[in-house]
There are 2 protein chains.
Amino acid sequence: MTTSIKDVALLAGVSVATVSRVLGNGPVSAALRAKVEAAVAQSGYRPNLSARRLRSQASRTIGLIVSDIRNPFFTSVSRAVEDVAYRAGMRVILCNTDENPDKEAMYLRLMQEERVSGVIFAATRATADSLDVAGLGFPVVMIDRAGPAARCDAVLLDNRTAAAQLVEHLLGRGYRRIGGLFGNTSSTGAERHAGFAEAMERAGLPAAARFVAPSAEAAQAEAAKWLGDAGAPEALIASNGLLLLGVVKAVREAGVAVPGRLALAGFDNDSWTELADPGMTVIEQPVDEIGRAAMEMLLERLERPERPLRKVVLAGRLVERGSSQPRG
Amino acid sequence: MTTSIKDVALLAGVSVATVSRVLGNGPVSAALRAKVEAAVAQSGYRPNLSARRLRSQASRTIGLIVSDIRNPFFTSVSRAVEDVAYRAGMRVILCNTDENPDKEAMYLRLMQEERVSGVIFAATRATADSLDVAGLGFPVVMIDRAGPAARCDAVLLDNRTAAAQLVEHLLGRGYRRIGGLFGNTSSTGAERHAGFAEAMERAGLPAAARFVAPSAEAAQAEAAKWLGDAGAPEALIASNGLLLLGVVKAVREAGVAVPGRLALAGFDNDSWTELADPGMTVIEQPVDEIGRAAMEMLLERLERPERPLRKVVLAGRLVERGSSQPRG
DNA sequence: GCTGGCATTGAAAACGATTACATTTTTTCT
DNA sequence: AGAAAAAATGTAATCGTTTTCAATGCCAGC
């Protein structure tokens, strides 16, 4: 039996209402306040958050639903989200969906049952397209991936432009037969593919694209196959950090020279990209900024539910490294 | 206003008790059960977890307190913990302490207020030594770092042996002037240092050790300084993945040849260690196993609070790569 | 010495669920 | 068919808070 507010009241010789007021900075005389504080200290009392939430109808909790916390992009984002959230006195429930729509549905249901104030969500395409945001009962801020067209706030990278930027970078370095490897579960993969395809078309070149499950393993397998094919590309773009990692592993395995026989470029300036020779050319995403902006956006939405929807689009930054050195 | 169990009862024409029983698989006739289920579906009712927890006095929630979720070791462990937890119908609250004892205290307080069933905790040395586990009100399983001597369950790596194994590996490869860089906040750093020092002493060699804050940045700065010193070591051991990352960055920066002028070895088989030339020799920790074992241990403890304390000590696996090639 | 106003305080009603207990209905047995 | 046992259902208490509302005490003003 843990001690409750009633025990504290008894110990201090006051009513529970007074104890509650002391805890919540209500109007209480100095004398009683001191007695209550002594009783709290002596009894080691800890308020019960479930009871508090039930009574006050405010969870002061938000949900953060991402596809894989092992992806450095999401860990960084979630750290930023948490920092802002905790500063605002909110807790964060972190959930992994493994890009699985069933798990997404399950976690959304959980969020409803927790009566969270809001959710920050990196959804799969399947869920993003069909999600009934209005029926959820809490505001949603989409990150990394677009939500149902204009139905909720979002913080996104300018994926098309960034992908096109990579293509143009490679073209400028003399590469022509450029392939792209994209995740097949997210709108992000689709958008990056679109930017890639557009840029290739502008250059009058055919765009060879392949889609895989967004994991290093899948990317490694696909890249290995691709490298063995006739007419394998001279340069490869991977649409996120995990895919790039898989590609690099496949390349190493096959003993392919980078950039000699195959140039590489991708997304996410993960720490290894600088270290794996000859260094990976990548689009760096402003991860802290994404997390911070998403959380701030959610807080603003909670404060003023009727404000118009907003979409924050952030630019990526091209980090040039050895993997895309001029074709020799 | 969200719909409550009372609304469902009204809609279905039964008492709230019956609705509750339908939800909890209590004894209810098929006819009423159908009516209730229809009402639940129609109203979109979602049970309120706060109310449920308050009444049933069971949170079905555990806390996972780690020092830094950006450390791949902890992300992998937390994934494993979550998998086991969710399979057992428990939720996980994940907390980052940044190795800061104040934050640790704050989160432990939060865990009490959430009335969690138990906590899995990677504590700093300061907290581990002074923690009053009994007064917390819930069982604690320590991971990665030892808790107050024999006061709680723990899942640990055999740090001394692993560190000694690295030393002996380097000795076998012909290196003599071996330095060690260790984290200064955790007992893990201390234990790995102990294993390092013992092994060096057995070999009759002086052990040069330095301690830094457990971040890549701190390690990089310290390593840069060290490499500039007179009598810099021929080989360096870093006591975790982040420190090793910092060391490698410093080495690159300084243009030091690995292993030619400096051999490297460390802990944690993070994905980049395979990719950064010439590949890093590391002790691989069984991360999934650590998380799984910790969560299972906690579940068992919850089931039988009086069972004797247990300490699971897991062995690391030496992964030999180019960074410790025989001295030429 | 009242009266009105103000600041404290306490009693009691929520919040939304579960569950012990009482009551009703159904089944089973003679 | 009737009684006893078993099963289903409802009533109301309860979990630990916050908050409304009423009551109390104190002081100033007359």
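To find a chain, count down the sequence lines: A is the first, B the second, and so on, and within it residues start at 1.
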query = Counting any heavy atom closer than 4.0 Å, what does B:L32 reach on the DNA or RNA strands: base, sugar-phosphate only, or nothing?
reply = sugar-phosphate

inquiry  = For a quick check of understanding: with a heavy-atom distance under 4.0 Å over all strands, which category does B:R46 fall into, base, sugar-phosphate or nothing?
reply    = sugar-phosphate

From [atom1] of [X] over to [atom2] of [N], roughly how many Å is that when rounded to an integer?
X: B:L54; N: C:dT19; atom1: CG; atom2: C1'; result: 14 Å
X: B:E114; N: D:dC15; atom1: CD; atom2: P; result: 20 Å
X: A:L10; N: D:dT17; atom1: CG; atom2: C1'; result: 17 Å
X: B:R52; N: C:dA17; atom1: CZ; atom2: C1'; result: 8 Å
X: B:L23; N: C:dA17; atom1: CG; atom2: P; result: 8 Å
X: B:R33; N: D:dA8; atom1: CZ; atom2: C1'; result: 12 Å
X: A:Q112; N: C:dA17; atom1: CD; atom2: P; result: 13 Å
X: B:K35; N: D:dA8; atom1: NZ; atom2: P; result: 16 Å

Given [N], is OP1 or OP2 found less than 4.0 Å from the side-chain N or O atoms of [X]?
X: A:Q57; N: D:dT18; result: no
X: B:R21; N: C:dT18; result: no
X: A:S20; N: D:dT17; result: no
X: B:S15; N: D:dG10; result: yes
X: A:S29; N: C:dT8; result: no

query = Stepwise, does the salt bridge (Lys or Arg N to Asp or Glu O under 4.0 Å) test hold for A:R70 with B:E82?
reply = CA-CA 13 Å; A:R70 276 172 305 198; B:E82 283 192 329; over 6 Å; no

request  = For residues B:Y107 and A:Y86, establish whether the separation of their ring centroids is below 6.0 Å.
outcome  =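 Yes, they do, as the ring centres are separated by less than 6.0 Å.
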
query = Which of these passes salt bridge (Lys or Arg N to Asp or Glu O under 4.0 Å) with A:E114: B:R46, B:R53, B:R52?
reply = B:R53

key: Side chain of B:N48 - closest among C:dG16, D:dG16, D:dT18   =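 Output: C:dG16.
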
inquiry  = Return whichever of B:T18 or B:S50 has its heavy-atom-nearest nucleotide of DNA chain C closer to the 5' end.
reply    = B:S50

ask   = Taking C-beta and beyond as the side chain, do A:I62 and A:I120 meet within less than 4.5 Å on heavy atoms?
value = yes

Residue closer to the 5' end of DNA chain D, B:V16 versus A:P47 (nearest nucleotide) = B:V16

query = Can you check whether A:D98's main-chain N or O pairs, donor with acceptor, with A:N96's side chain at less than 3.5 Å?
reply =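 A pair under 3.5 Å: no.
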
inquiry  = Base of C:dT18, side chain of B:R55 - is there a donor-acceptor contact under 3.5 Å?
reply    = yes

